[in-house]
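Presented below is the structure to which this report refers.
Keep in mind that this is a model prediction, so the values were computed, not measured.
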There are 2 protein chains.
Amino acid sequence: MKSSKIPERTITRLSIYLRCLEELEADGIVSISSKQLAERFGLNPAQVRKDLAYFGQFGIRGLGYPTQELKNHLERILGLKQDWEVALVGLGNLGSALLHYKGFRERGFKITAIFDKDPVKVGRRVKGVRVWNVSWIVPVIKRRKIKIAILAIPTVGAQAVVDGLVEAGVTAILNFAPTQLSVPWNVKLQNVDISVLLKTLSFHTIRADREATRTEGAS
Amino acid sequence: MKSSKIPERTITRLSIYLRCLEELEADGIVSISSKQLAERFGLNPAQVRKDLAYFGQFGIRGLGYPTQELKNHLERILGLKQDWEVALVGLGNLGSALLHYKGFRERGFKITAIFDKDPVKVGRRVKGVRVWNVSWIVPVIKRRKIKIAILAIPTVGAQAVVDGLVEAGVTAILNFAPTQLSVPWNVKLQNVDISVLLKTLSFHTIRADREATRTEGAS
DNA sequence: TAGATTGTTAATCGATTAACAATC
DNA sequence: TAGATTGTTAATCGATTAACAATC
């Protein structure tokens, strides 16, 4: 078993391949080549093969990859063969939207604990899930052995919450708070900063604008 | 002017630096070195200097970067000196959450057109913004010259919507639909696939688990 | 002047792509 | 067997980091 180091982007692509395989399976297509798979995403076939080769030999030379089998392998690799309990911290606009997002449960992620600091919300049940005061994070998560958390709170106090999550044994955090958080090396922090994303769009729009006027001028 | 090619990640980091500079300015700190800036994000000082050097010489040797001035430069580079009109397509849970997200307006992004296909929603006004039928995308966006769109709709029909946006002159799209969309080379598509993100978290949790049990066994 | 820190070039590192023997 | 496609090694590419002259 030579695990070497697996690039982050390989993992991201793996879950994209998986979605494609689900579609292929639904369409009754029994096998697919790295070339075909690559074409769908504008990737290089060698990259597809390399990504998969990190985890084993799943293909058949001359034929390609058996759809269903590869799908099973990827599900196992990505840890989707089991259901995951997920803690949601913050039940504002974004938190509520995420709670109602059907994609989670479909893929085995169940929000089973919610935390908020608003006394109006604490104690209620939303979608059958109890809302706890944030001060209960450590004991509740510890007891339930929850490993994955979603952070949908404002910047202020976010680090304290993260510290609590880590103390409680959480090893993976999806963070929507627009701030830099620090976690120990063995905890995975995935940032989704919508305002940063919008800024890159703004940058590209500025550029597109300039290009357009330049081209106009040249023509 | 040697523009060369600017890495995507440089742009992302630029907007992170900017946030830091805003805080520094609020704290009345007038200058900062690449070393200090890098430390805050666990980056390399050379990288900070290189990122900035793509766009000009903003620093003073021996002293560092003047906070306020650099902030201004970054705002100009990222296109934040102007307000942006943004179109929101899809007013479900996620769309509503994004509409109510205060971070947008604070940073000059105003959602000024909403599209949905639900007849119940069409024609209403939400937060003072009119909801149009999706079939009106092209004329409405064209007339208002909107350049940035947020896509918060399900997979089905997403490509058709994107085609409309592009036809109407949109050059940057923030996509929350969990599907691969195709756009022309001069349009920037930024995907935020929450289910893919959760899968990478799942993968890391699986790994952390294995590591933990291995260490236990070894001890 | 001495110390500090930039801007930039060169070295390193890591990821992508090309090429090809292995093999279905 | 001939054609196709994998798995893997080698070549390329691009981004990060180190090093250092320029200069405040």
Does this structure show an ion pair linking [X] with [Y], if we count only N-O contacts that are shorter than 4.0 Å?
{"X": "B:Lys147", "Y": "A:Asp209", "answer": "no"}
{"X": "B:Lys188", "Y": "B:Glu8", "answer": "yes"}
{"X": "B:Glu22", "Y": "B:Lys71", "answer": "no"}

Nucleotide by nucleotide, nucleotides 19-24 of chain D touches protein heavy atoms under 4.0 Å in the pattern (B base, S sugar-phosphate only, - none) B--BBB
Sorted by number, residues from residues 8-27 of chain A placing a heavy atom under 4.0 Å from DNA chain D are none
For [X] and [N], give me the distance from atom [atom1] to atom [atom2], rounded to whole Å.
{"X": "B:Leu43", "N": "D:dT16", "atom1": "CG", "atom2": "P", "result": "9 Å"}
{"X": "A:Asn44", "N": "D:dT8", "atom1": "CG", "atom2": "P", "result": "17 Å"}
{"X": "A:Ile6", "N": "C:dT16", "atom1": "CD1", "atom2": "P", "result": "13 Å"}

Hey, what's the ring geometry for B:Phe41 with B:Tyr17, parallel, tilted or perpendicular (30° and 60° as the breaks)?
tilted
Original post:
Please walk me through it: do A:Trp84 and B:Thr205 pass side chain to side chain donor-acceptor pair (under 3.5 Å)?
Top reply: CA-CA 10 Å; A:Trp84 290 103; B:Thr205 308; over 6 Å; no
Check every strand shown and say whether B:Lys50 touches a base, only sugar-phosphate, or nothing at a heavy-atom separation below 4.0 Å. base
Report task. Examine C:dT5: is either OP1 or OP2 under 4.0 Å from a nitrogen or oxygen in the side chain of B:Ser34? Give yes or no. Result -> no
OP1, OP2 of C:dG7 versus side-chain N and O of B:Tyr65: anything below 4.0 Å?
yes
Are the side chains of B:Leu165 and B:Leu151 in contact, using a 4.5 Å heavy-atom criterion?
yes
Against the side chain of A:Gln57, the closest entry in C:dT9, C:dG7, D:dG7 is D:dG7
Against the side chain of B:Pro7, the closest entry in C:dT17, D:dA15, C:dT6 is D:dA15
Looking at B:Arg9, I want to see if its CZ is surrounded by more than 12 non-hydrogen atoms of other residues, nucleotides or ligands under 6.0 Å.
no
Checklist entry - Is the NZ atom of A:Lys110 crowded by more than 12 outside heavy atoms at less than 6.0 Å? => result no
Pairs under 3.5 Å (Watson-Crick or G-U), crossing ones as [ ], inter-strand ones as |: DNA chain C comes out as ..||||||||||||||||||||||
